Amino acid sequence: MIQLVLIRHGESMWNQQNKFTGWTDVELSENGLIEARKAGIVLKQHGFTFDEAYTSMLKRAIRTLWIILHEMDLMWIPVQKSWRLNERHYGMLQGLNKQETIDKYGEEQVHEWRRFVNISPPPLTTEDPRYPGNDIKYQGLTKEELPLTENLAGTEKRVREEWEEHILPSLKVGKKIIISAHGNTLRALVRYLDNLSSDGVANLNIPTGTPLIYEFDETLQPIRHYYLSIEGELPPSTVQKYVHDNLL
Ligand SMILES: O=C(O)[C@H](O)COP(=O)(O)O
């Protein structure tokens with residue numbers, strides 16, 4: 001049986017302030033730092049270890065991974081950072097408070113922007129300071145790869161590229177892998193792994209800082225998945241969703 005560990009970064013400063021974050025490079029909150037440390041302790045206590053790690057270009061996911069690997073004395077393993085694992089880009093919504101956006105545009109429009117696969121929030125212009133083309137982290141990306149906004153289909157496409165190009169080949173040769181990423185990139189991966197419809201993940205909100213363990217058979221077909229806590233396995237249905245997701 002092959003295992004894969006997925007973890008959404010610990011609570012960020014903008015999760016705490018209920019703001020649309022996307023590619024904005026915000027820090028973890030104090031609570032998020034504690035969540036990341038707990039995740040490392042839980043994974044170590046339950047006998048997990050890793051050969052490789054994958055994360056995004058955003059510090060909230062990178063620092064979550066660093067804290068976990070530090071707790072497990074695994075800071076020496078190779079870490080692949082990729083923009084393809086970045087959170088979904090939220091366009092002009094980045095930096096806006098989620099509740100204020102609902103008050104302005106209505107719950108239905110905000111739900112469409114957040115969870116409809118083929119709907120994108122209003123786009124940035126290339127002059128906007130939030131445009132990734134103005135960020136040295138993304139200097140290697142083509143103009144087509146640099147988002148002004150993004151729908152979930154676009155997020156899924158780039159996550160699948162990273163999965164097929166780097167992560168799956170490593171799993172196939174028996175590498176033990178952890179992926180530290182974001183709410184929508186992990187929803188995209190879960191949808192792909194479990195072959196779910198877009199409706200199947202519309203109400204799936206992956207909690208921050210809680211290890212999600214996937215088990216595969218020898219043909220890399222998913223057998224089951226569960227969240228891991230100090231007490232052990234938690235069925236997905238029992239996991240306390242992240243607060244801000246419940247606000248919307
Ligand atoms: O980018 C964000 O704002 C959050 O991390 C995910 O937001 P969502 O749950 O509204 O997609």
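Just follow the structure's listing: the first ligand is 1, and inside any ligand the first atom is 1. Values in this document were obtained by computation on a predicted structure and should not be read as measured data.
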**Request:** Have a look at ligand 1 and work out which part of Asn205, if any, has a heavy atom under 4.0 Å from it: side chain, backbone, both or neither.
**Result:** neither

**Message:** With the threshold set at under 4.0 angstrom, would you say Gln94 reaches ligand 1 through any of its heavy atoms?
**Reply:** no

**Asked** Quick one: do the His89 and Thr149 side chains pair a donor with an acceptor below 3.5 Å?
**Response** no

**Fill in**
Within the 4.0 Å heavy-atom cut-off, what Tyr90 brings close to ligand 1 is side chain

**Asked** For ligand 1, which atoms sit closer than 4.0 Å to a heavy atom of Phe20?
**Response** 3 (O)

**Asked** Is there a path from Leu4 to Tyr54 through hydrophobic residues (I, L, V, M, F, W, Y) whose side chains come within less than 4.5 Å of each other?
**Response** yes

**Message:** Any nitrogen or oxygen of Arg88, side chain or backbone, less than 3.5 Å from one on ligand 1?
**Reply:** no

**Glu87 N/O under 3.5 Å from ligand 1 N/O** = yes

**Item:** Of the listed options Lys98, Arg114, Arg187, closest to atom 7 (O) of ligand 1 (non-hydrogen atoms)
**Value:** Lys98

**Prompt:** Strictly by modelled atom types, are Thr219 and Asp217 linked by a side-chain donor-acceptor pair under 3.5 Å?
**Reply:** yes

**Request:** Answer with yes or no after comparing the ring centroid distance for Phe20 and Trp14 against a 6.0 Å cut-off, counting only values under it.
**Result:** no

**Prompt:** Can you tell if the side chain of His9 reaches within under 4.5 Å of the side chain of Ser12, non-hydrogen atoms only?
**Reply:** yes

**Item:** Under 4.0 Å to a heavy atom of Gly22 - the qualifying atoms of ligand 1, by number
**Value:** 1 (O), 2 (C)

**Item:** Side-chain donor/acceptor of Thr64 to backbone N/O of Gly10, under 3.5 Å
**Value:** yes

**Message:** Would His9 count as being in polar contact with ligand 1, using the rule that some N or O on each side must be under 3.5 angstrom apart?
**Reply:** no

**Asked** Gly183: heavy atom below 4.0 Å from ligand 1, yes or no?
**Response** no

**Item:** Side-chain donor-acceptor pair present, Thr125, Asp128, cut-off under 3.5 Å
**Value:** no

**Message:** Please report whether ligand 1 has a polar contact with Arg60, defined as an N or O pair separated by less than 3.5 Å (distance criterion only).
**Reply:** no

**Item:** Under 4.0 Å to a heavy atom of Lys19 - the qualifying atoms of ligand 1, by number
**Value:** 3 (O)

**Message:** Under 4.0 Å from a heavy atom of Arg115: which atoms of ligand 1 are those, numbered in the order shown and with their elements?
**Reply:** 8 (P), 9 (O), 11 (O)

**Request:** Assess the side chains of Tyr105 and Glu112: does a donor N or O sit below 3.5 Å from an acceptor N or O?
**Result:** no

**Request:** Give a yes/no verdict on whether any heavy atom in Arg8 is under 4.0 Å from an atom of ligand 1.
**Result:** yes

**Request:** Measure the acute angle between the ring planes of Trp163 and Phe216, then classify it against the limits of 30° and 60° as parallel, tilted or perpendicular.
**Result:** tilted

